[in-house]
Each structure stands twice: as C-alpha cells, then as structure tokens.
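Chain letters run A, B, ... following the sequence lines, proteins first and then strands; every chain starts at 1. In this text the structure is predicted, and so the values were computed from the model without any measurement.
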2 protein chains.
Amino acid sequence: MNGKAIGQATIRDVAREAGASVASVSRVFNRLPNVRPELKERVEAAACKLNYVPHAGARNLSLARTGVIGVVLPDLHGEFFSEILRGMEREAAMRGRHLLLSNMHMGLGDGVEALRNMRGRVDGLIVMAPHIDPDLLFAHLPASIPAILLNGPENRQGRPELRIDNAAGARTMVEHLVAAGRRAIIHIAGSQGNIEAAERARGYREAMAAAGLVPVILPGNFDEESGHLAVQRLQMQQMEVDAIFAANDMMAIGALVALRDMGVDVPGQVAVAGFDNIPLARLISPGLTTMAVDIADLGARAINRLSAVIDGENVPQTELRYPSLIVRNSTTQTIA
Amino acid sequence: MNGKAIGQATIRDVAREAGASVASVSRVFNRLPNVRPELKERVEAAACKLNYVPHAGARNLSLARTGVIGVVLPDLHGEFFSEILRGMEREAAMRGRHLLLSNMHMGLGDGVEALRNMRGRVDGLIVMAPHIDPDLLFAHLPASIPAILLNGPENRQGRPELRIDNAAGARTMVEHLVAAGRRAIIHIAGSQGNIEAAERARGYREAMAAAGLVPVILPGNFDEESGHLAVQRLQMQQMEVDAIFAANDMMAIGALVALRDMGVDVPGQVAVAGFDNIPLARLISPGLTTMAVDIADLGARAINRLSAVIDGENVPQTELRYPSLIVRNSTTQTIA
DNA sequence: CGGTTTCTTGTAACCGGTTACAAGACGGAT
DNA sequence: ATCCGTCTTGTAACCGGTTACAAGAAACCG
C-alpha cells in the first residue's frame, strides 16, 4: 500500500503508474483509436489498480460542455410534475445527458440570479415560468446560453418556445359540452396571473361567445380545494348550472366530490370536465372527461428541441401541441 | 464595441477592463471584505459592462465542490416520484444545492457505470434502487464520494441509509384490525423480490403471531389487478375472511372493487386496508384505511443527512421513518 | 540506403475560476 | 526618520482534464 489514501487518483497518477503520458491515458479513456494495444492495456491496468474514475467536472471545463440540461420548473405538484420529468429524463438519457433540477419558487430577481448561476453548469435551459414575464427573465441571461421556454407567454427575445395550445383545448371542451346539450356552463379558472389559466379562460370565453352562451367564471387556483369551494359558492348563490368546466383536473375532482357530497348527480344534473388528463381522472368514478395533454411527450420534445439548439441546429421559434378530448362518464349523459 | 462577441467574458477580461487583477475580481464576486470600495466599484462596473457571469464549472473545479446532489431513482411513477423530489428539492434549495437527476432504468453494470460517471459532477449521491443489491452497487463506487441509500436493503459497506419502517407499519395496521374485532385477517403481498413487500409481509406475520392469529398470505404484485385476483381466489377457496390487508393501496382498491362486485359489504363483512396513502385512497368510497408515509419529508431528510455527510459530520448509519395509521371507512365498522 | 509518409507518444498550454504568498501602501508609535 | 503592524493588491500555481503540436519510430518507396 503506497500513500495517497486521501483523494482520488487523477489522470497524472495513472500516467505515472502506467509509465505513459497523460495524453495517452486520456486517449485510452476516450476510446481514441490511435493507441498501441500494449500501451492501452498498461493504462487500463494502472487505472484499475488505482481505482481511477475520470473527473467529470474537469472534463466539462476543458470541453466547455457539461452534458447537463437545466430544468427550471415552477412549484408543481403531482402528476404533471412527475410526467414531464419522466418524459424529459427518458429523452435526456437517450442522448446521454443529465437533468439539473431547479425549482422556481421565487420572484423575478432571484429567478434571474438563479438562471445566471447556471452558466458553466449546464449546456442549456428549459424554463417553465408561467407567472413570470419571459422577456424580463431572458433579458438578463447571457444570449450565449441556449434556452427554450415551456408553456410560457410569447417572448420577444427570439428564444424558441414550446407550448400547449390551451385556448384551443378549452374551446374544444366547451364545444363538447354544448354538443352534449349543456347550456349553463361555468368555468372554474386557474391561478390568477398564470398564463395557462388565462389562456384556458380565454378559450372558454371565445367558445361560449361563439355558441351564443353567456360565460361565467369563478376564481380558483388549480388545487382540489378550490374546486370544492367553487361548487359551494355556486350552491350558495343558487346559480343555474348544468356543466362545470374546471381549468384543470384537480379542481374538477374537487368539484366532483363536492357535488357528490351534496347529492347532485353527475352527469345527470351537472356535467363535470377538467383539463390535463391526470391518471386519477380515469380512476375516479364517474370517470372524468378532460383534455389530454401528453405531458411526458411535451417534456421529451422540450429536451429534443433544446438539444438541437445546443448542437447549433436551427429550430422554428414556436411549436404548439394540441391537447385531445377524452370523453368519460362525467359528461356523457345527454340532457333531454 | 470591441470584438469578443463570441464567448462569454471571463474573469481575466473583467480584470483587464477594470484595470485590476483576477484575484481582486474574484474577491469582489465572493464578497470578501478586504477590497477597497473604489476598486470594488470599478470591478462591478467592468463586470456589468462586459455582462460577466462567473463560470460555475470552473469554480467547482478549483473548489472541488459542486453544490450538486445526484439523485438516482428507479423508474417511478406518479405521486411517489413527484413528492419525494419536491421534498428533496425544497431542502436542497434551502441549503443552496441543486439536484442532478438520474433514473436507474438499467441493470447493475450500467448502474455502476452511471454512478461512477457522477464523480466530479456531484458532491454526493442519494440512491434508491430497491431491486439491486446495494453491496454490489457500492463496491465499485469510490469510497470518497458520499452516498446514502434510500429504502433499500441493509448494506454492509457502512453507507448511511434511510428507510421507511415497513414492518412496523404493517404491525400497526394488523393491530388496528385486531382492535376492530377482526380475526381472519389475510395479507395480499407485494411483488416477489421487492424488499418493501417482504418487510410488510414480515410485519404482518409478526403481528399476527403476537395476537395469536394464524397468518395467511396471498401473492400479489402491487397492481390493482392482483388485488382483484386475490379476492377471487379467496372466494373460490371459500376461505373465512373478515379483513384484507393489502401491501399497498392499489391492490387494496382492486380488492375493494372485487368485493363490491360480488356483493360483499365493506366494512360490514370484510374490512379492507392498504399501505401508502395514495391520493386515490381518500377519494374512493368507502375511504380506504391505510398507512401514510410522508414522502416529501423522507426526501427532505435524505438531503439533510447527505448534506451532513458531505460536510463531514457523523451520522448514524440507519434511520427509520415510521408511517402513520390513517383510519377511514373501509375498516371502521366494528364487528359485534 | 535516403526520403517520405504514417502512426504513436509526449510536452505543455489551455479551459476559468481560487488562493497562498509576496510585495507595496499606509498609519501610528517611538 | 525608523520601525512595525495592518490592509490592499497582484503574481502565479493549482484544480483535473483535453488537445495542438512536435518529435520519434516504423513502414514503405524508388
């Protein structure tokens, strides 16, 4: 046992042990072809003996390339969060990249700071910040670091963006409800200031107007409880309702439970619809009609496009993904 | 406009622009006190003019510290995945650390390789690999990289581990059922070879023995269908049953649905209990009695302990978290 | 056998930060 | 004025890899 117990072996240690140069060791580890087999073996033996593992950080610095993609997400819950990460992770793994997580539970100032801190840590960023103006956010980000915007408002910095067409989805849902004979369709909105919530509300308003119906929007904040509360409010105000379209599934489920608790038949008396198609939507009873967004696919595409940008390819600035209507029992029984 | 449009400014550029040395610029950016205010201002002005952002990778290399924690998870779905990451992310953010994700959808060989690749990229690892022998996994990992094992079998490498006390949870549940007057309590086990499934079955057997009851264990594999099948098997064999304790909620729900389909009253004739407290458990009817694991807390503690290890503190090798009993309607009606 | 090509190998500079150490500037005490 | 201590500042080595370039060895040619 020689000394050097503390600290990992470096490439120079291996070179010394193998009686070779660092360049050769580097070549062996990078599988370059121009190394004599005999030397290669000696290097491998030395590396094995010293239990050498290359230091990724040092490699990244000299290559100016980390193989890491930074993912900046808002304070997400449940299925959406896990699915989008699943999609991203799978795609990233396929390309030999890793994901660096960074939640954005902060204001603009800290947010910008957090993004800048990513320099030298990641090759690119995927930013999802539905409550922050991307122009302000990107303005302070070095232009040299690739970034794509996920589900945000349009940006004027020329950054590529990938977005679900929330308004179109909401219109589709309203059309479905109208086709099912519903007229008094009320909307439970998502969080104030959230761009997706705003877009879904816009689609709802447009489709209601197109159908000659009067829109009614109750506030909500995307969680189950706010769906519950909205229904209680409806009851207190004795409003006429034959359909509830919540801006996401969790609120729809909250509404569903509230209606069940007060003995209202779904879909007999009131149809309920959500948005997102979380797995739970299929499992509860009645099954929840919703707009399905292939979230994992969205995540995978984000990685895909960012990789293209990182590799210097040209990508179109905006890509829209359309959600699709999933009809289940919560809206199926047509009113006479 | 001078040249240098390509590439970010480095600390040397800033030093030149400010007419100072790199050491001073470094001191300013690290908020060291011993810099004359006038010079500090000059450096800040220069940095601002060049739009300088420090390169984290370079900093990490020279500090031998990345501020990143690697999280290696199996191919998880839904709530468990998102909750554990939420807990980790919150705790990590509080400590100024980031999370590097790496899914473990691979065999042992690739797994070891993936872990070794983390050297120089992370300060430590949190590894959750319920299907892989941690001794084999850690044997090839440099001892110098801190790692803690999450919800795995015990390891003999002296690595710290953090685990849910599944056996204790199962005992608690059996005690609850016994206290409710149940005697013929059968257990539906989780997947073969899964350590958590084995531990829950062990707890069940121990508690049954302690109560002087005879244990009956049916095979299952954690999904809804296997709960269904287990109940059908019980019916075919005409076994006497007044309670079913499934190793997780999904199987309990499968059992619940099967019982309902065959007209058995729950909890009147048979009580049903699960494990995990998934969101669905609260929403179905009757509400499912289950053992709740605070998953986010588990994640936070993992980060916590790993941070302690990284900072060179001593931590106990094993820490257990106890799940808590959540009583709902599926077990509440006591038998006469 | 000299000259040219091809292949292997090593030296040293570089990536972009941090920091030990030395040197210079300044102030106070004698 | 001299000496000493304190504070500020700069130089250069270092973290652990990659790689341009040069040099040496081997092979091939006329």
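You won't find any donor-acceptor pair under 3.5 Å spanning the side chain of B:Arg59 and the base of C:dG16, going by distance alone.
The one candidate from B:Leu150, B:Ile310, B:Ile148 that meets the side-chain contact (heavy atoms from CB on, under 4.5 Å) condition with B:Arg305 is B:Ile148.
A:Ala56 comes within 4.0 angstrom of no nucleic acid atom, judged by non-hydrogen atoms across all strands. If you check every strand for non-hydrogen atoms under 4.0 Å, A:Tyr52 touches sugar and phosphate atoms only.
Of the residues near DNA chain D, B:Leu61 and B:Pro37, the one whose nearest nucleotide (by heavy atom distance) lies more toward the 5' end is B:Pro37.
Spacing between atom CD of B:Glu38 and atom C1' of D:dT9 amounts to 12 Å, rounded to whole angstrom units. Taking atom CD1 of residue B:Ile11 and atom P of nucleotide D:dA12, one finds them 17 Å apart after rounding to whole Å. Straight-line distance from the CZ atom of A:Arg116 to the P atom of C:dG17: 13 Å, rounded to whole Å. Distance B:Asn117 CG to D:dG17 C1': 14 Å, rounded to the nearest Å. In this structure, the CZ atom of B:Arg12 is 7 Å from the C1' atom of C:dG17, given to the nearest Å. Rounded to an integer number of Å, the gap from A:Leu50 CG to D:dG16 C1' is 15 Å. Atom pair A:Asn60:CG and C:dC14:C1' shows a separation of 16 Å (rounding to whole Å applied). The interatomic distance linking B:Arg65 (CZ) with C:dG17 (P) rounds to 18 Å, in whole Å.
A salt bridge between B:Arg86 and B:Glu83 is present, with a side-chain N of the basic residue lying under 4.0 Å from a carboxylate O of the acidic one. At a threshold of 4.0 Å, the pair A:Arg163-A:Glu319 does not count as salt-bridged, since none of the basic side-chain nitrogens sits closer than that to a carboxylate oxygen.
Nearest heavy-atom pair, A:Pro74 versus A:Met128, reported as atom, atom and distance to 0.1 Å: CD-O, 3.1 Å. Nearest heavy-atom pair across B:Gln317 and B:Asn155 is NE2-O, 3.5 Å.
Contact annotation: the side chain of A:Asp123 approaches that of A:Arg97 to within less than 4.5 Å [non-hydrogen atoms, C-beta and beyond].
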Heavy-atom contacts, protein to nucleotides 19-24 of chain C, under 4.0 Å, summarised as B (base), S (sugar-phosphate only) or - (none) per nt, yield B-----
Would you please test A:Leu100 and B:Leu99 for side chain to side chain contact (heavy atoms under 4.5 Å, CB included) and show each step? CA-CA 6 Å; A:Leu100 187 68; B:Leu99 257 37; 5.8 Å; no
Start with the C-alpha distance between A:Arg321 and A:Asn151, add both sets of side-chain angles, then the distance that settles side chain to side chain donor-acceptor pair (under 3.5 Å), and finish with yes or no. CA-CA 10 Å; A:Arg321 305 294 301 159; A:Asn151 269 9; over 6 Å; no
With side chain to side chain donor-acceptor pair (under 3.5 Å) as the test, would you mind laying out the steps for A:Asn103 and B:Arg90 before giving the verdict? CA-CA 8 Å; A:Asn103 268 38; B:Arg90 191 169 9 188; over 6 Å; no
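An end-to-end axis angle of 60° holds for the helix from C:dC1-D:dG30 to C:dT30-D:dA1, taken from five base pairs per end and rounded to 10°.
Put simply, B:Arg119 has a side-chain N or O that comes within less than 4.0 Å of OP1 or OP2 on D:dG17. Taking side-chain N and O atoms only, A:Arg36 has no distance below 4.0 Å to OP1 or OP2 of C:dT8.
Checked against D:dG16, D:dG10, C:dG16, the side chain of B:Ala58 finds its nearest nucleotide in C:dG16.
Annotation: salt bridge (Lys or Arg N to Asp or Glu O under 4.0 Å) contacts of B:Arg42 (sequence neighbours excluded): B:Glu38.
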